[in-house]
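Residue numbers start from 1 in every chain, and the chains themselves are labelled A, B, ... in the order their sequence lines are given, proteins ahead of strands.
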Amino acid sequence: MKQDVGFSYLNELNGVQKDAVTALEGPVMVIAGPGSGKTRVLTYRIAHLINCGANPGQILALTFTNKAAKEMKARIERVVGNQANKVWAGTFHSLFARILRVEAHRIGYPNDFTIYDSDDSKGVIDDIIKSMNLDKKVYPAGQVRSRISAAKSNLITPKAYAANDDLMALDRMNRRPLIYQIYEKYAAKCIRAGAMDFDDLLLQMYKLLYQNPDNVREKYQRQFRFVMVDEFQDTNYLQYEIVKILAKYQNSEENICIVGDDAQSIYSFRGATIENILQFEHDFPQVRTYKLEQNYRSTNFIVNAANEVITYNKKQIQKKIFTEKEDGKRIKLIKAMTDSEEGKRVSDTIIEQKNRYNLANKDFAILYRTNSQSRIFEEQLRRYNIAYRIYGGLSFYSRKEIKDLVSYLRMVVNDKDDEALKRVINYPKRGIGNSTIEQISQIADDNEISMWQVLGQMEFTSRAAKNIAEFTGIIKACKAKAVTANAYDAAVFIAKASGILGELKSDTSLEGQGRLENVTSLLDGIKEFVEDDELAPGEEVATSKSLAAFLQTISLMTDQDKDGADQDTVTLMSVHSAKGLEFKSVFVVGLEENLFPSYQAMITADQIDEERRLFYVAITRAEEHLTLTYANSRYHFGNMRFNDPSRFIEEIDQKNYDPLTILNKKPDFGESSSSFGEPKLLGNFKTKTLNQPQINIDPKDFVPNRSEDIKVGQKVIHLKFGQGTVKSIDERMVASIVFPALNDNPEKRIMLQYAKLQIVEE
DNA sequence: GGGGGCTATGGGGGG
DNA sequence: CATAGCCCCC
């Protein structure tokens with residue numbers, strides 16, 4: 001491909017970035033540290049492709065969030081103008097859904113297929129478990145769903161699952177030997193319902209390409225001559241397999257570019273595997289690799305802290321991010337006595353920083369490990385009158401009233417959608433109770449037909465008969481309306497005919513009015529969707545504005561995709577959803593053992609490593625100010641829990657912390673009860689060193705040795721416990737060390753994997 | 001059989 | 001603290 005060096009945007013890039021952007025053909029791998037201009041490289045590379053003659057419609061750029069795709073498109077547009085609209089940029093799920101909307105009939109699905117969200121999936125699984133007379137305590141739907149999801153992500157069919165000794169042995173060990181049967185029934189039920197779950201959007205896409213009906217594979221291989229994958233470390237096996245197929249075209253070189261950072265791989269729980277990066281080099285031996293290591297986001301103390309933390313992970317691609325920025329502000333550490341005090345002190349600090357550094361609300365983010373932690377901060381921010389916005393948790397489309405109307409719409413588009421039917425057959429109340437619904441479901445199962453078909457064919461003698469007739473009448477009327485009207489008019493008709501609008505209007509409470517507003521706003525959204533005249537690449541005019549297309553689109557939306565990001569609000573979100581974002585001031589909260597790292601991740605070293613990468617992601621969101629907080633005690637399950645401060649706090653070298661805040665750093669749980677029950681005000685300022693041995697080690701002189709070098713009999717120094725003697729080391733690398741300075745309990749069990757110990761005498 | 005209210009139980013991260 | 005399941009009344 002011809003390259004003209006006269007493109008001005010190339011001057012905005014450093015050397016490595018420019019090399020990556022101009023490497024247009026063949027396989028390319030970009031390892032991009034946080035804040036290293038990854039998005040810039042991706043977007044300029046696409047712009048450069050277009051400027052060098054590539055057809056924008058032949059470029060496929062796969063991301064993990066709609067937001068990332070949207071931002072990418074906007075930035076490409078700034079360089080190449082409206083040609084950017086022709087680029088296939090979107091999430092794996094949304095682009096594959098768009099393709100399947102055209103092609104699904106070739107693999108036994110209706111093109112108007114329904115997308116089951118995880119609640120729908122769980123509902124199906126619950127029904128199956130019930131029908132198999134299994135105990136749902138033994139087979140929790142959520143966990144069964146994860147197993148099925150993992151199987152799908154690894155291209156394991158129900159048959160292959162049953163034949164896989166490892167999987168079956170694991171299930172037997174967990175006393176859930178019948179998961180393979182549930183999986184088989186689940187897959188069959190989804191097909192019968194004309195429904196795909198999130199994994200199916202990938203799996204069915206794979207099947208489409210693999211089975212290649214009507215040479216559809218060549219069609220898309222020809223279509224996508226340039227394939228790009230963002231956040232490649234988050235792809236699972238199935239996604240990578242699809243990408244590989246798409247990137248292949250006859251005998252020409254494969255133009256595939258992946259961008260990722262192994263240190264930011266945080267989605268193994270949904271099947272992402274770091275192996276894909278290693279495998280990529282194997283699959284494409286002629287790959288050119290570029291490492292972006294200069295960080296343009298954060299000041300030096302923050303970058304240092306990130307580097308220090310990540311060295312605790314053994315398995316990493318070697319790289320060290322650096323910045324040419326100033327040292328900046330040191331990291332603040334806040335110790336709170338309780339979770340609500342944590343909320344207060346974070347709010348205080350926000351006010352203080354706003355004043356002192358002239359920051360706006362939107363410059364702040366509070367990042368937590370679990371969404372349930374948001375409540376505390378909400379309460380306090382509201383009390384302080386600080387505007388905030390919560391991401392994650394309940395999204396707009398998971399609200400009850402929205403799901404109710406959406407379920408009616410789903411029924412109208414696809415009457416085989418049993419999950420939707422079950423949701424609305426008795427809402428608003430029309431006297432069709434659980435036992436009747438169970439009956440219908442049973443008959444549908446026995447005859448392998450949909451519940452809607454049962455309603456049409458069965459003679460109901462019970463007194464539910466009249467009510468059922470009412471329901472089928474409503475749905476039929478709505479279906480008739482949908483044939484002639486556009487999606488918006490149909491939806492308004494459905495909202496009225498179903499009785500939903502009437503039901504909500506009769507509720508005059510404040511919450512009731514809110515629900516009505518939400519439904520109105522959903523209808524407005526459909527109107528906007530219908531009136532939007534822009535046709536995305538690959539979309540057919542006839543189907544693009546259909547109700548089915550609308551439903552498929554919204555089922556892949558998260559509340560991050562809502563407008564309103566430009567408002568001046570503090571951002572509250574999980575660390576997971578903060579990936580890719582940056583803020584002037586970041587609070588990483590709840591830094592306690594069993595919370596961050598999560599108690600569910602305390603089992604294997606690999607899981608701890610992933611938590612550490614998550615922490616790495618969290619702290620590298622900060623541009624100028626980073627504050628880490630933890631609480632002595634917090635409410636969990638309605639009762640108080642005490643956790644030690646997170647190990648991650650200690651993994652950052654002391655010199656990066658604000659010394660005024662580090663005085664309070666290490667409380668002494670378990671060994672002293674004096675910290676409980678004290679007045680809250682004192683709690684913040686009381687130094688715990690009184691209860692600890694006086695250890696006079698200047699952190700500057702402390703150089704920890706590698707854990708492998710620690711041997712029995714050595715005298716070592718520990719920053720907190722002082723000098724000690726190593727008594728023993730067991731096979732798990734846990735050392736027993738006696739520290740004479742600790743009076744009551746001098747022998748400590750130290751995990752060498754995490755401990756920092758300096759050898760003073762062999 | 002259906003509806004409403006009460007009690008017990010269980011909660012990671014996300015497309 | 002939200003939801004499912006259970007019990008009791010209609």
Whole angstrom value for the distance that separates P of B/dG12 from CD1 of A/I603: 13 Å
Heavy-atom donor-acceptor pair, A/E611 side-chain to B/dG12 base, under 3.5 Å: yes
Residue A/T91, side-chain atoms from C-beta onward, closest of B/dG12, B/dG15, B/dG14: B/dG15
Distance test, side-chain N/O of A/T436 to OP1/OP2 of B/dG2, below 4.0 Å: yes
side-chain hydrogen bond (donor to acceptor under 3.5 Å, both in side chains) against A/Y186, all qualifying residues, sequence neighbours excluded: A/S121, A/D197
Whole-Å distance separating the OH atom of A/Y116 from the P atom of B/dG14: 24 Å
d(CG, A/D126; P, B/dG10) in whole Å: 14 Å
Out of C/dC1, B/dG15, B/dG13, whichever nucleotide has its closest atom nearest the side chain of A/H93: B/dG15
First of A/G433 and A/R369 reached from the 5' end of DNA chain B, by closest nucleotide: A/G433
Sugar-phosphate only, base, or nothing, as touched by A/D117 at under 4.0 Å among non-hydrogen atoms: nothing
Within 6.0 angstrom of A/R383 CZ, more than 12 heavy atoms from elsewhere: no
Parallel, tilted or perpendicular, as decided by the 30° and 60° cut-offs, for the rings of A/Y267 and A/H576: tilted
Closest-nucleotide ordering on DNA chain B, the 5'-leading residue of A/Q143 and A/S574: A/Q143
A/T65, nearest nucleotide to its side chain (from B/dG12, B/dG15, C/dC1): B/dG15
Touch class at under 4.0 angstrom, heavy-atom based, for A/Y267 against every strand present: sugar-phosphate
Length of the line joining A/E610:CD and B/dG12:P, which is rounded to integer Å: 15 Å
Length of the CG-P vector between A/D135 and B/dT9, whole Å: 13 Å
Close side-chain approach of A/Y616 and A/I266, heavy atoms under 4.5 Å: no
Nearest to side-chain heavy atoms of A/K429, which nucleotide of B/dG15, B/dG12, B/dG3: B/dG3
Presence of donor-acceptor pair under 3.5 Å, side chain of A/R430 and base of B/dG3: no
A/F364 ring center near A/F583 ring center (under 6.0 Å): no
Base B/dG12 to side chain A/N371, donor-acceptor N/O within 3.5 Å cut-off: no
A/S435 vs B/dG2: side-chain N/O to OP1/OP2 distance below 4.0 Å: yes
Enclosure of A/N434 CG (heavy-atom neighbours >12, cutoff 6.0 Å): no
Strand DNA chain B in bracket notation, Watson-Crick/G-U under 3.5 Å with | for pairs to another chain: ||||||||||.....
Within-4.5 Å side-chain heavy-atom neighbours: A/T63 and A/E231: no
Sugar-phosphate, base or nothing in reach of A/R145, heavy atoms under 4.0 Å: base
A/A601, nearest nucleotide to its side chain (from B/dG12, B/dG14, B/dG1): B/dG12
Interatomic distance where CD belongs to A/E438 and P belongs to C/dA4 [whole Å]: 14 Å
Presence of A/N426 side-chain N/O under 4.0 Å of B/dG3 phosphate oxygens OP1/OP2: yes
Pair A/E378 + A/R375: basic N to acidic O under 4.0 Å: no
Rounded distance in Å - CD (A/Q607) to C1' (B/dG12): 11 Å
Sub-4.5 Å side-chain heavy-atom contact between A/R147 and A/Y183: no
Touch class at under 4.0 angstrom, heavy-atom based, for A/K137 against every strand present: sugar-phosphate
Nucleotide B/dG10, atom P - distance to NZ of A/K122 in whole Å: 15 Å
